[in-house]
*Asks:* 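Before anything else, here's the structure in question.
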Amino acid sequence: MIGRTNATSGGSSLVKGGAVLASHSAGAPGMTDRGVVTLGDGKQYRLLEIKQSGTLSFNAAQLKKGIRADVCVVSGGQGGGRGGANHGGYGGRMLNLYGLLLDDLSVVIGAGGAGAASSNYGSLGGQSTLRRASDAGAMGPIPGVGTGGGRGGYSSSQGAYQFGDAIGKKPFDDASYFSPHCGGGGGGAYSPGGGGNYTGGAGGTNGGDGAHRISVGSPQGQPGPAGDASAGAGGAYNAAGAAASYYGGGGGGGGSNGTTDRNGGNGYQGVVWVRIPA
């Protein structure tokens, strides 16, 4: 567990979020301090958005008094696939931790996985972790995959894919303040011989399937359902998959016309959110 066993545990003596002094070893590029905000539960918190790996440091006197916080750790999303594996990338994993007494924290932000540039799945996203500067062990989401990427349209069966956990992910389960994280990428389309508006699936909680047709003139496949902005859309039959654009999103699978395969889109990096009651 992350926390200070020698810190004061009483609620009234803890340092309030608005007064907390915090800095990141990478400076402003490493952390956005959103100040005191009202979140979806109607309460006010100091909100820190940690975007780069490094050390998150707090004032020593305030740590001795005690700073209690909730922390959300998000890993990077997988890149989209290409060719016979033109599925959308998995979304990253998320872990919410509540009521932690903080110390200086060493933070690792997982990178987004690269989209495939050959006929293969995209690279998995990196794992995000954090640990107290005084501890040997780190905490973070369980390694592996989160929300599923959409199935690629390359084969008539659309290439069965592991669908992931199908759980929409928002920090601290707050659907009001936070945008969706960790969407699965949409699958790429497949249209042998080209022609037609064969579109890739949309990114989503589980990414949408890419459209496909078995032969020229067969009925057009249907694109996947509308998704969220964190994940990349799959490429049309003549287009590359889109890169994910928000934390933990999976990249879209590349499209194919049966002769030319397009690359998958890149997954997006992870993030760590820290909220301190104000």
Side-chain angles (χ1 to χ4, degrees), residues 74-93 110-127 144-155 157-166 168-169 180-191 197-212 221-270:
V74 178
S75 292
Q78 183 188 20
R82 171 178 161 143
N86 68 336
H87 308 288
Y90 280 112
R93 298 293 292 263
S118 60
S119 186
N120 208 337
Y121 298 114
S123 300
L124 290 174
Q127 186 182 18
V145 296
T147 51
R151 294 179 297 175
Y154 195 92
S155 68
S157 65
Q158 293 192 309
Y161 198 39
Q162 298 177 15
F163 280 97
D165 58 22
K169 295 175 174 60
H181 290 44
C182 305
Y190 176 62
S191 178
N197 184 25
Y198 287 79
T199 57
T205 300
N206 272 338
D209 297 340
H212 73 290
Q222 296 300 309
D228 64 62
S230 69
Y237 73 93
N238 60 350
S245 59
Y246 201 58
Y247 298 128
S256 175
N257 62 12
T259 301
T260 302
D261 299 333
R262 306 295 181 177
N263 292 347
N266 293 334
Y268 204 85
Q269 71 168 63

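Since this is a predicted model, take the numbers as computed values, not measurements.
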*Asks:* Within the side chain of N86, is there an N or O that forms a donor-acceptor pair under 3.5 Å with the backbone of G254?
*Replies:* yes
*Asks:* Please give me the minimum heavy-atom distance between H181 and V74, naming the atom from each residue.
*Replies:* CD2-CG2, 4.1 Å
*Asks:* Would you give the length of the straight line joining atom CD of Q127 to atom CZ of R93, rounded to the nearest 0.5 angstrom?
*Replies:* 9.5 Å
*Asks:* Quick one: does Q78's side chain have a donor or acceptor within less than 3.5 Å of a partner on G122's backbone?
*Replies:* yes
*Asks:* Kindly give the heavy-atom pair with the smallest separation between G126 and S75, and that separation in Å.
*Replies:* O-CB, 3.4 Å
*Asks:* In chain order, what residues pass the side chain to side chain contact (heavy atoms under 4.5 Å, CB included) check against S118, with sequence neighbours excluded?
*Replies:* N120
*Asks:* Kindly say whether G115 contributes a backbone atom to a donor-acceptor pair with the side chain of N266 at under 3.5 angstrom?
*Replies:* yes
*Asks:* List for me each residue that meets side-chain hydrogen bond (donor to acceptor under 3.5 Å, both in side chains) alongside R262, sequence neighbours excluded, and say none if there are none.
*Replies:* none
*Asks:* With sequence neighbours left out, what residues match Y268 under side chain to side chain contact (heavy atoms under 4.5 Å, CB included)?
*Replies:* A244, Y247
*Asks:* How long is the straight-line distance from OG1 of T259 back to OH of Y237, given to the nearest 0.5 Å?
*Replies:* 12.0 Å
*Asks:* Nearest heavy-atom pair of A236 and A189: which atoms, and what distance?
*Replies:* C-CB, 3.9 Å
*Asks:* Can you sort out the partners of A111 under side chain to side chain contact (heavy atoms under 4.5 Å, CB included), two or more places apart, ordered by chain and number?
*Replies:* none
